[in-house]
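Here the structure comes first, spelled out in structure tokens, and everything after it is commentary.
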Amino acid sequence: MSRWLIRRTAQMFAVVWGVMTLAFILAFIVPGDPARMVAGPNASPEAVANIRHELGLDQSLLTQYTHFIERLMHGNLGISFALQNQTVGSAIWRALPFTAALAIGGVLWEVVLGIPFGIISAYRPKSIFDRFSTFSALFGLSTPPFWLGLMLLYFLAFKLSIFPLNGVGHPLIWYLILPSFTLGVGGAAFYSRIVRTTVLNVLQSPFIEFAQLKGMPASLILRRHVIRHALMPIVTMIGMDLGYFLGGVLITESIFGIPGIGQLAFKSISTLDVPMITGTVLVASVFMVLMNFIVDVLYTFIDPRVRLQRNN
Amino acid sequence: MSKNDKPISDFKNSFEEIESALESTNFRSRAWGSLKADKVAFASVAVVIFLILVAIFAPFFAPKDPLFQYIDGLSDVGAPQGLGRHFLLGADQSGRDVLSRLIYGARVSLTVGIVATALASFIGVMIGAVSGYLGGWVESFLMRLTDIVLAFPILLFCIALIAVTGPSTKNVVLVIAFAYWTYLARIIRSQVLSLKEREFVIAARSLGLTTPQIIRRHIIPHLIPTIIVYSTLGVATSILIEASLSFLGIGVPLPQASWGEMISEGQKYFQTAPWLLVAPGVTMIIAVLAFNLMGDWLTDLFDTSAMGVKR
């Protein structure tokens with residue numbers, strides 16, 4: 001187990017290092033002279049050269065790369081070119097609560113809609129409910145999320161004025177209901193199908209028959225055996241979705257005007273704000289890698305079979 | 001003469017006959033049979049074929065020029081005309097015919113979807129097959145690479161790339177392929193892991209076939225059902241990604257019509273002209289739904305789940 005954990009941790013750091021390197025390369029792909037951007041359009045060539053020296057841009061690529069990694073190790077993401085005198089870290093820190101709230105909301109919708117629908121469908125295959133749920137799941141998977149968001153805005157916010165039109169305000173949860181639903185609906189559809197398949201398989205397995213034969217009540221079988229099995233594939237997906245959403249959900253954020261990480265990243269691309277681009281990209285990837293790691297570790301606690309495998 | 005008196009050669013002949021008959025008709029008749037039995041699958045395949053025909057023969061299907069700005073497409077105050085005899089699905093903010101734009105948009109959306117998926121499948125299958133078959137450090141390296149690309153916020157990366165290189169249809173295709181191959185590489189790899197332990201692969205190896213020969217002749221043919229299923233689903237995903245990129249204004253360049261671009265443009269006017277949003281949205285749902293359902297049907301047909309693939 002501890003050997004597995006060490007190997008898995010090493011792997012995580014290897015991926016993070018790869019992502020950092022990719023981000024470093026990304027900064028070179030983006031055109032424009034960073035020193036010129038910092039100095040401003042009217043600066044003299046000497047001033048630009050000074051700044052270039054200060055930023056370390058006159059050094060060799062390898063030195064720049066080591067400095068870059070060193071800086072990141074200290075948690076320093078640099079200073080924004082476009083937002084005057086602001087560190088990339090503080091800008092991301094300010095956007096993070098909105099993205100986090102939206103991400104958690106999206107995952108909640110996925111879980112609250114996906115799991116019960118899947119379980120009920122599997123208990124009553126071919127019933128009207130099952131057909132309805134399969135049908136809605138297909139629609140959920142095939143509808144472009146931004147289109148759904150716009151439709152919800154049009155009908156529920158603009159026509160019926162039930163929800164606020166856009167932006168954020170107080171209480172935040174009120175402003176996040178439609179965006180988080182837009183975000184979660186595709187996942188909910190996917191979850192319900194996965195849960196349905198898993199539960200159908202579980203219900204046919206011998207240990208369920210055994211539980212029934214020894215007189216275990218159906219509700220207890222559901223709680224103790226079925227849900228536990230049905231949740232296993234879902235845990236991985238929740239982790240990955242949460243990691244993905246936390247990195248900023250650009251499209252949902254831009255439809256509903258939420259000042260999250262996705263919007264921050266998008267703006268930084270249009271202003272060619274290189275430190276902000278690499279910063280947001282890095283934060284997003286680290287969330288993803290970290291959530292993957294957490295899920296993998298969680299598995300050892302949830303699934304005794306996995307624990308056994310990793311002990312050897 | 002009783003049955004038992006039949007010479008063995010007769011049995012052998014009839015056996016061979018049955019086998020060859022099974023082989024030639026088996027798949028096609030099974031596919032056709034399941035299509036006739038399953039109305040939903042039939043409808044999905046019909047819609048996909050119809051969409052492809054519409055895309056190919058767009059000039060034939062479109063009632064008007066998709067790029068021409070008709071004066072009578074706008075009312076006296078400059079608002080787009082609604083649904084009517086002249087403009088079946090209404091006109092857009094520039095007086096262009098929405099139906100014709102949808103039909104020409106099918107060209108863009110399907111081309112991007114199919115080409116991007118083909119490219120992604122090629123990369124994914126190569127990386128998945130090679131890493132699964134070779135194992136060792138090659139596998140570790142390729143799979144870590146896949147992990148890195150998977151962890152990277154692809155959409156942001158793509159936006160940055162397109163912001164630099166400028167929006168073009170080619171870039172959109174490349175970007176989608178770059179985002180989708182990782183998914184396929186993982187699935188293919190897990191299949192190859194079990195395939196390479198099979199007898200025919202071991203036999204091929206002991207006959208002295210080289211690794212590329214084995215992968216090409218003995219591994220890849222077994223992967224074809226999986227590739228077909230995931231490519232069909234991939235087209236659906238690619239159409240959605242293309243629409244997202246167009247929605248953000250970095251997709252297929254204007255004035256070419258694509259469904260995503262129509263939604264993106266339509267949202268500015270949807271309070272007065274809701275058909276600008278509804279028409280492309282519904283078209284997209286139908287198209288993506290058809291590809292998804294066709295993928296489901298193919299999954300059942302090939303019974304990929306029995307081959308150890310989990311969806």
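Chain letters run A, B, ... following the sequence lines, proteins first and then strands; every chain starts at 1. The analysis underlying the following values was restricted to heavy atoms, covering all of them including side chains, and did not include hydrogens, waters or symmetry mates.
Looking at A:Thr143, the atoms closer than 4.5 Å to chain B (heavy atoms on both sides) sit in the backbone and in the side chain alike. Residue A:Leu22 touches chain B through both its backbone and its side chain, counting heavy-atom pairs closer than 4.5 Å. Both the backbone and the side chain of A:Tyr154 come within contact range of chain B, each with at least one heavy atom under 4.5 Å from a heavy atom of that chain. Neither the backbone nor the side chain of B:Ala236 comes within contact range of chain A, judged by heavy atoms closer than 4.5 Å. Using a 4.5 Å cut-off between heavy atoms, B:Val40 makes no contact with chain A at all. A:Leu153 does not touch chain B: none of its heavy atoms, backbone or side chain, sits under 4.5 Å away.
Considering only heavy-atom pairs separated by less than 4.5 Å from chain A, the leading option among B:Val282, B:Ile286, B:Leu293, B:Ile285 is B:Ile285.
Annotation for B:Phe42: atom CZ does not count as buried by contact number, only 12 or fewer foreign heavy atoms lying within 6.0 Å. Dense packing is recorded around CZ of A:Phe293, with more than 12 heavy atoms of other residues, nucleotides or ligands lying under 6.0 Å away.
Between atom CG of residue B:Leu240 and atom CH2 of residue A:Trp147 there is a gap of 12.0 Å, rounded to the nearest 0.5 Å. Summarising the geometry, atom CZ belonging to B:Phe247 is positioned 5.0 Å from atom CG belonging to A:Leu150; distances are rounded to the nearest 0.5 Å. The line from CD1 of B:Ile263 to CE of A:Met151 is 8.5 Å long, rounded to the nearest 0.5 Å.
The two residues B:Asn292 and A:Ser142 have their closest heavy-atom pair at ND2-OG, 3.1 Å.
Within residues 132-139 of chain A, the residues that have a heavy atom under 4.5 Å from a heavy atom of chain B are A:Leu138, A:Phe139, listed by number.
In this view, A:Asn292 satisfies the side-chain hydrogen bond (donor to acceptor under 3.5 Å, both in side chains) rule with no residue, not counting sequence neighbours.
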